[in-house]
Amino acid sequence: MNDAIKLARLQNEMKNSTTALVLGFLIPGAGQMYAGSVGYGIINFVLVVILAITIVASPIAFILYVLSMYWGYKGVIEFNNEVIRKAESQES
C-alpha cells in the first residue's frame, strides 16, 4: 500500500490533544471521555459537580477540574502512541 495512504489512515485514527483540553475545559471529564476513558470521565464530572455544589469543597472541585483536563490531554497522547505502536507492528 502507498505510504501516503498509510499515513492518512494513521492520522485519521489519531485524536487531537487540543480538542481534549477544550472539551475538558468546557465540561469536566469530557476530555477523558474523548480520550477513551468514559468511566473515569463520568466519575470526574459527577465528583466536580457534587464538590462544586458544596461550598466548603469548592477548592477541591477546582483542583479536580484542572486535573481532569490534564488527564484527558495525557490520555489522548497515550491513545495516539498506542495507535502508532499498532501501525508499526503491522508493518513488521
Side-chain angles (χ1 to χ4, degrees):
M1 189 178 297
N2 190 355
D3 287 339
I5 295 172
K6 287 181 183 178
L7 182 61
R9 286 185 179 171
L10 182 64
Q11 288 176 339
N12 190 33
E13 291 178 23
M14 295 175 75
K15 296 184 179 187
N16 190 341
S17 57
T18 306
T19 302
L21 279 175
V22 171
L23 286 172
F25 178 76
L26 296 174
I27 303 169
Q32 288 176 289
M33 292 182 221
Y34 174 72
S37 299
V38 177
Y40 287 119
I42 292 171
I43 290 170
N44 275 331
F45 175 75
V46 170
L47 283 175
V48 168
V49 169
I50 290 172
L51 291 173
I53 290 172
T54 61
I55 295 174
V56 175
S58 291
I60 297 171
F62 179 74
I63 292 169
L64 186 60
Y65 169 68
V66 172
L67 281 174
S68 71
M69 285 191 294
Y70 173 74
W71 291 330
Y73 176 80
K74 290 296 283 184
V76 167
I77 291 173
E78 290 172 10
F79 177 86
N80 289 342
N81 288 339
E82 185 63 31
V83 168
I84 292 170
R85 234 179 274 121
K86 285 181 183 177
E88 289 174 348
S89 69
Q90 289 177 355
E91 288 180 7
S92 299

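Heavy atoms only: backbone and side chains are in, while hydrogens, waters and symmetry mates are out.
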| Does Phe62 share a hydrophobic cluster with Met69, counting links as ILVMFWY side-chain heavy atoms below 4.5 Å and allowing steps through other members? | yes

| Residue pair Val76 / Lys15: nearest heavy atoms and the distance that separates them | CG1-O, 3.5 Å

| query | If you look only at pairs with a residue in residues 62-82, which of them pass as a side-chain hydrogen bond (donor to acceptor under 3.5 Å, both in side chains), with sequence neighbours excluded? | reply | Glu82-Arg85

| field | Straight-line distance of Ile60 CD1 to Leu64 CG, nearest 0.5 Å | value | 9.5 Å

Hey, can you pull the donor-acceptor pairs under 3.5 Å for the side chains in residues 25-52, sequence neighbours left out?
unit_1 : atom_1 : unit_2 : atom_2 : d
Gln32  : OE1    : Asn44  : ND2    : 2.4
Tyr34  : OH     : Asn16  : N      : 3.1

